[in-house]
Amino acid sequence: MAELTPDSPLATKVVPSPNQGPRKSATAGMPRPSMIILHYTGMDSGVAALQLLTNPLSEVSCHYLVWEDGRIFQLVPEVARAWHAGKSVWKGETDINSHSIGIEIVNGGHRFDLPAYPPQQLEAVKALCLDLMQRHGIQAGHVLAHSDIAPDRKDDPGEHFPWADFADSGIGLWVPPAPLAEGPRYQSGDEGQPVRALQALLAMLGFGLDLTGVFDARTVSVVKAFQRHYRPELVDGIADLSTMMTLKAVLQATKG
Ligand SMILES: [Zn+2]
């Protein structure tokens, strides 16, 4: 394999992963990345994660790996399709790998009780996001969590990821969540027009969700994913008043 030159001036090292291919397009031409997907590695060390992400048998990879100390390794060229998203959907697009840059952040995640992201690591991820957004013209609201696009399967980068702080730097979409309060709530098993309306709002934001009018398992997963990202204080899959008000505010912000 030819020596890979880093695409980002922020990458300190290149460790090529064989787990890549050409980006695919439904129409003519090579799709440019229009999304950034953030992940945590969810393993006991960055070394173990790097081994997995470069092992041909694992069939997983990402474009960038960001270590706890802020070092950034590039594993796959930006022009290529890395294998980080898996089965996923956002705004109807199901081949997220062809349309995104994947960033793996070294962090133990839920298996290790959500260790805090060190400040130097977060600064590196921020700088990398801004560099990618600028070079590829990626919109702030198209910086997403893996859990946003695969809510049934994935919890990363987790409710401990500081989306509010990132939004202060112009990365991602964020509004201050509505406080927890008494009021109407919808949950697993509920049916009817309010559930359908909730599903419509979540789908409008981008989540892959059918408007069944039934608060089914998929709806629970999507509500949890929404909470993980936008109302991280309580991730319970119940659409309470705070969740619904926060959802409406986030949608309003997408129009702003
Ligand atoms: Zn992930």
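In this text, all values refer to a predicted model and were calculated from it rather than measured experimentally.
When all heavy atoms of Thr41 and Val106 are compared, the pair lying nearest together is OG1-CA, 3.4 Å. The minimum heavy-atom distance linking Leu128 with Ser8 is given by the pair CD1-OG, 3.8 Å. Across all non-hydrogen atoms, the minimal contact from Ala239 to Met244 is O-CE, 3.5 Å. Minimum interatomic distance between His63 and Val76 (heavy atoms only, all atoms of both residues): CD2-O, 3.5 Å. Val214 approaches Thr219 most closely through the heavy-atom pair O-OG1, 3.6 Å. Nearest heavy-atom pair across Ala253 and Val175 is CB-CG1, 3.7 Å.
Judged by distance alone, the side chain of Asn19 and the main-chain N or O of Trp83 form no donor-acceptor pair under 3.5 Å. When atom types are taken as modelled, the side chain of Asn55 and the backbone of Leu57 share a donor-acceptor pair closer than 3.5 angstrom. Side-chain atoms of Gln121 come within 3.5 Å of backbone atoms of Val66 as a donor-acceptor pair (strictly under, hydrogens ignored). One N or O on the side chain of Asn107 and one on the backbone of Pro115 form a donor-acceptor pair closer than 3.5 Å. In this structure, the side chain of Thr246 does not engage the main chain of Pro177 through any donor-acceptor pair within 3.5 Å. A donor-acceptor contact shorter than 3.5 Å links the side chain of Gln20 to the backbone of Ser17. Without hydrogens or angle criteria, Asp190 side chain to Gln187 main chain gives a donor-acceptor distance under 3.5 Å. In this structure a side-chain-to-backbone donor-acceptor pair under 3.5 Å is missing from Ser147 to Ala225. A donor-acceptor contact shorter than 3.5 Å is absent between the side chain of Asp7 and the backbone of Pro77.
Considering SG of Cys62 and CD of Glu104, their distance stands at 5.0 Å, rounded to 0.5 Å. In this structure, His146 NE2 and Arg228 CZ are separated by 12.5 Å, a value rounded to the nearest 0.5 Å. Between the CZ atom in Phe73 and the CG atom in Leu53 there is a gap of 12.0 Å [rounded to 0.5 Å]. Rounding to the nearest 0.5 Å places CG of Leu202 at 5.0 Å from CG of Leu247. Atom-to-atom distance recorded for Gln51:CD and Ser58:OG is 11.0 Å, nearest 0.5 angstrom. To the nearest 0.5 Å, atom NZ of residue Lys224 and atom CG of residue Asp152 are 10.5 Å apart.
Look at Arg135 and Glu78 and you find a salt bridge, because one of the NZ, NE, NH1 or NH2 atoms lies within 4.0 Å of a carboxylate O, short of that distance. Using a 4.0 Å cut-off between charged side-chain N and carboxylate O, Asp95 and Arg81 make a salt bridge.
One hydrophobic cluster holds both Leu198 and Leu251 under the rule that ILVMFWY side chains link at heavy-atom gaps under 4.5 Å. Hydrophobic clustering, with ILVMFWY side chains joined whenever heavy atoms are under 4.5 angstrom apart, groups Leu10 together with Ile105. Linking Ile, Leu, Val, Met, Phe, Trp and Tyr whenever their side-chain heavy atoms come within less than 4.5 Å puts Val223 and Phe207 in one cluster. With hydrophobic clusters built from ILVMFWY side chains whose heavy atoms lie under 4.5 angstrom apart, Tyr186 shares a cluster with Met204. Hydrophobic clustering (ILVMFWY, side-chain heavy atoms < 4.5 Å, transitive): Leu122 and Leu130 are in one cluster.
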### Task
For salt bridge (Lys or Arg N to Asp or Glu O under 4.0 Å), just list the numbers for Arg71 and Asp69, CA-CA rounded to whole Å, side-chain angles, deciding distance to a tenth of an Å, and then say yes or no.
CA-CA 6 Å; Arg71 282 175 302 146; Asp69 61 5; 2.9 Å; yes
### Query
Stepwise, does the salt bridge (Lys or Arg N to Asp or Glu O under 4.0 Å) test hold for Arg231 with Glu159?
CA-CA 8 Å; Arg231 212 281 307 271; Glu159 54 271 35; over 6 Å; no
### Task
With side chain to side chain contact (heavy atoms under 4.5 Å, CB included) as the test, would you mind laying out the steps for His39 and Ile103 before giving the verdict?
CA-CA 6 Å; His39 305 259; Ile103 301 176; 5.8 Å; no
#### Entry: Criterion side chain to side chain contact (heavy atoms under 4.5 Å, CB included) on Leu50 and Val15, from CA distance to verdict
CA-CA 9 Å; Leu50 180 62; Val15 182; 4.2 Å; yes
### Task
Could you give me the CA-CA distance, side-chain angles and deciding distance for Leu205 and Tyr230, then say whether side chain to side chain contact (heavy atoms under 4.5 Å, CB included) is met?
CA-CA 12 Å; Leu205 185 55; Tyr230 296 103; 4.1 Å; yes
#### Entry: Phe215 and Glu191: CA distance, side-chain angles, deciding distance, side chain to side chain contact (heavy atoms under 4.5 Å, CB included) verdict
CA-CA 6 Å; Phe215 208 116; Glu191 293 183 28; over 6 Å; no
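Taking the side chain as every heavy atom from C-beta outward, Ile101 and Tyr64 approach each other to under 4.5 Å. Looking at Pro33 and His99, their side chains never come closer than 4.5 Å, going by heavy atoms from C-beta outward. Taking 4.5 Å as the limit, some side-chain heavy atom of Gln199 sits within range of a side-chain heavy atom of Asp216. Side chains of Tyr40 and Lys154 form no contact here, defined as non-hydrogen atoms less than 4.5 Å apart. Considering only heavy atoms from C-beta on, Leu241 comes within 4.5 Å of Pro184 through its side chain. Side-chain contact between Met133 and Ile171 is present, with at least one heavy-atom pair separated by less than 4.5 Å. Side-chain contact check for Ser100 versus Ile149: every heavy-atom pair is 4.5 Å or farther apart. No side-chain heavy atom of Ile72 sits under 4.5 Å from any side-chain heavy atom of Trp67.
Applying the salt bridge (charged side-chain N to carboxylate O under 4.0 Å, His left out) rule to Asp210 yields no partners; only residues at least two apart in sequence or on another chain are considered. For Asp236, there are no salt bridge (charged side-chain N to carboxylate O under 4.0 Å, His left out) partners at least two apart in sequence or on another chain. Checked against salt bridge (charged side-chain N to carboxylate O under 4.0 Å, His left out), Arg23 has no partners two or more places apart in sequence or in another chain.
Residues Phe161 and Phe166 bring their aromatic ring centres within 6.0 Å.
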